[in-house]
Number of protein chains: 2
Amino acid sequence: MSERIIYLNGDYIAESEAKLPVFDRGLLFADAVYEGFGILDGQIVDFIYHMDRLKRSLGELTIPMNFSIDEMFHALMRLIEKNNAKSGFLYLHVTRGAGDRAFHYHDQYVPNLFAFTQGEKFAADAMPPVIDLLTYPDLRWARRDIKSTNLLAQVMAKHAANQAGAYEALMVDDEGFVTEAGSSSFFFIKDNVLYVRPVSNEILHGITRQTMLRVAKERDISLIERNYTLDEVMAADEALITASSIYVMPVGNIDGKRIGDGKAGAFTLALREGYLAKARAEFYTPKAS
Amino acid sequence: MSERIIYLNGDYIAESEAKLPVFDRGLLFADAVYEGFGILDGQIVDFIYHMDRLKRSLGELTIPMNFSIDEMFHALMRLIEKNNAKSGFLYLHVTRGAGDRAFHYHDQYVPNLFAFTQGEKFAADAMPPVIDLLTYPDLRWARRDIKSTNLLAQVMAKHAANQAGAYEALMVDDEGFVTEAGSSSFFFIKDNVLYVRPVSNEILHGITRQTMLRVAKERDISLIERNYTLDEVMAADEALITASSIYVMPVGNIDGKRIGDGKAGAFTLALREGYLAKARAEFYTPKAS
């Protein structure tokens, strides 16, 4: 099998050759942002929404965005083609750049960019397996709205979940409120109403979340956006998570306790099907160049 | 001028050649820890205390420590000699290692290690300049006791300070309590008493802090370890910060307001002199090999 091809600062190179300086600020300070996209039918899912979020993350950190949306679209599509990636995950990473170590930065850094593909975790159009969650304290910083690589709190949470045989962590704050899952947005259904935490600096503004909420609205599913406790979640009829790598997934158990009947719920499956249909209907078309 | 020599996984290589894979978890997840040491008289300051903290940081993240204290001492001393570094700063970084991207980890990762030297910011034995601080919200995560590379909150704080013409940030929590400075420990003097925040998960356990507190104790300086507000700090007689890159430094102004008479105070200068004397008296001697 030939090596995976990595996009690195405009070049397409073998994985084993894809390296950055030890003085990159992404490595020294986690001074970097990223996006993850689904790949469906060889196309990039929710492309423009992810790029809007990337632009916002870069802006919050005043990292210059030294590429256009369409340039990046063509570069990423070429990467997908080179890896013959029909489905799966696409990762894009932008660091502030490399320079001698000092916490503060200046305008002379040149961002380092890289991107790679990964295979799919669950087949998009098959019946999704029911996944389990493990609760874990939310240890993250105060700017969770910035999709940065300051991810050690999520690493600890998701590792604990993995060790316990769960697929994902469900993060809970000091006061018993659920924030979100380790690397996905969390929702639950109670009495035919979809509950989700509103966006703020306390959670990432999930792109799959946002598109799925448009689907819910089109289907006249009642939505309540408010903070909620773990106790409320445990009494739910259905629970689900969304992320660009897995789309919409049903949750069966949390901390070993069954949610609803422990099976993929009707709302969850309808939202998954609706999400995939909308994603396919909205593949990005660049301007003619 | 020839290039700086970098230590990378056992090798000594030119700075421009020192690179790590884009799949290193330090880059993808900030799944890495580090230490910074002073270099004084060509020797490593507080070596064994920094190594104790590094061992603890690695342990908290279950990153294997695949070197002995004395092996690392010899490797770092060789790096100092190769760079002819008589004074300044020594940086050591340990990542969990490289592998395909997944938040959770396993036992098969092989840590990547690198180290480099930097020149001194202020001459150790000269009269230190008085530095200014800018207050900034403490945005960090809940495990500030782990010296990890999840440093974006500190980058934001120290960049804001730099933009305002201040040397360092003073981080303040939601309730008005001072936690610590951006990359240094903070102290103040009021009515001949030294005040410092006690160690907890809310601050880094500063090594220079710890050694300087031993000096204060030997000199019978009264010490109160408790949380304190910014208002208390603004009414102090002296303020000072400690870090391995700068030892002990007097603070003149905070947010443009003078602390005490705005000059280097008598306690501060005595503690700096005492710290440097103790550092020199305690240079590490490895076991004969």
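For clarity, every value in this text was computed on a predicted model and none was experimentally measured. Just so it is clear: chains get the letters A, B, ... in the order the sequence lines come, proteins before strands, and each one is counted from 1.
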Anything under 3.5 Å between chain A and chain B that's a donor-acceptor pair? List each one with its distance, please.
{"from": "Arg4(A)", "atom 1": "NH1", "to": "Asp100(B)", "atom 2": "OD1", "distance (Å)": "3.2"}
{"from": "Arg4(A)", "atom 1": "NH2", "to": "Asp100(B)", "atom 2": "OD1", "distance (Å)": "3.1"}
{"from": "Ala18(A)", "atom 1": "O", "to": "Val22(B)", "atom 2": "N", "distance (Å)": "3.0"}
{"from": "Leu20(A)", "atom 1": "N", "to": "Leu20(B)", "atom 2": "O", "distance (Å)": "2.9"}
{"from": "Leu20(A)", "atom 1": "O", "to": "Leu20(B)", "atom 2": "N", "distance (Å)": "2.9"}
{"from": "Val22(A)", "atom 1": "N", "to": "Ala18(B)", "atom 2": "O", "distance (Å)": "3.0"}
{"from": "Asp100(A)", "atom 1": "OD1", "to": "Arg4(B)", "atom 2": "NH1", "distance (Å)": "3.2"}
{"from": "Asp100(A)", "atom 1": "OD1", "to": "Arg4(B)", "atom 2": "NH2", "distance (Å)": "3.0"}
{"from": "Asp100(A)", "atom 1": "OD1", "to": "Gln118(B)", "atom 2": "NE2", "distance (Å)": "2.9"}
{"from": "Arg101(A)", "atom 1": "O", "to": "Gln118(B)", "atom 2": "NE2", "distance (Å)": "2.9"}
{"from": "Tyr105(A)", "atom 1": "N", "to": "His159(B)", "atom 2": "ND1", "distance (Å)": "3.4"}
{"from": "Tyr105(A)", "atom 1": "O", "to": "His159(B)", "atom 2": "ND1", "distance (Å)": "3.3"}
{"from": "Gln118(A)", "atom 1": "NE2", "to": "Asp100(B)", "atom 2": "OD1", "distance (Å)": "2.9"}
{"from": "Gln118(A)", "atom 1": "NE2", "to": "Arg101(B)", "atom 2": "O", "distance (Å)": "2.9"}
{"from": "Leu139(A)", "atom 1": "O", "to": "Ala142(B)", "atom 2": "N", "distance (Å)": "2.9"}
{"from": "Ala142(A)", "atom 1": "N", "to": "Leu139(B)", "atom 2": "O", "distance (Å)": "2.9"}
{"from": "Asn150(A)", "atom 1": "OD1", "to": "Leu151(B)", "atom 2": "N", "distance (Å)": "3.2"}
{"from": "Asn150(A)", "atom 1": "OD1", "to": "Leu152(B)", "atom 2": "N", "distance (Å)": "3.1"}
{"from": "Leu151(A)", "atom 1": "N", "to": "Asn150(B)", "atom 2": "OD1", "distance (Å)": "3.2"}
{"from": "Leu152(A)", "atom 1": "N", "to": "Asn150(B)", "atom 2": "OD1", "distance (Å)": "3.1"}
{"from": "His159(A)", "atom 1": "ND1", "to": "Tyr105(B)", "atom 2": "N", "distance (Å)": "3.4"}
{"from": "His159(A)", "atom 1": "ND1", "to": "Tyr105(B)", "atom 2": "O", "distance (Å)": "3.4"}

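Separating the CG atom in Leu152(A) from the CD1 atom in Ile146(B) is a distance of 6.5 Å, to the nearest 0.5 Å.
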**Study point:** Step-by-step side chain to side chain contact (heavy atoms under 4.5 Å, CB included) determination, Leu20(A) to Leu27(B)
**Key:** CA-CA 9 Å; Leu20(A) 283 179; Leu27(B) 198 58; 3.6 Å; yes
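Interface summary for chain B: among Phe116(A), Phe23(A), Phe29(A), Phe89(A), the most heavy-atom pairs under 4.5 angstrom belong to Phe23(A). Counting heavy-atom pairs closer than 4.5 Å to chain B, the top-ranked of the candidates Ala32(A), Gly26(A), Ala30(A), Ala102(A) is Ala30(A).
In terms of the side-chain contact (heavy atoms from CB on, under 4.5 Å) criterion, residue partners of Pro137(A) (sequence neighbours excluded) are, by chain and number, Leu139(A).
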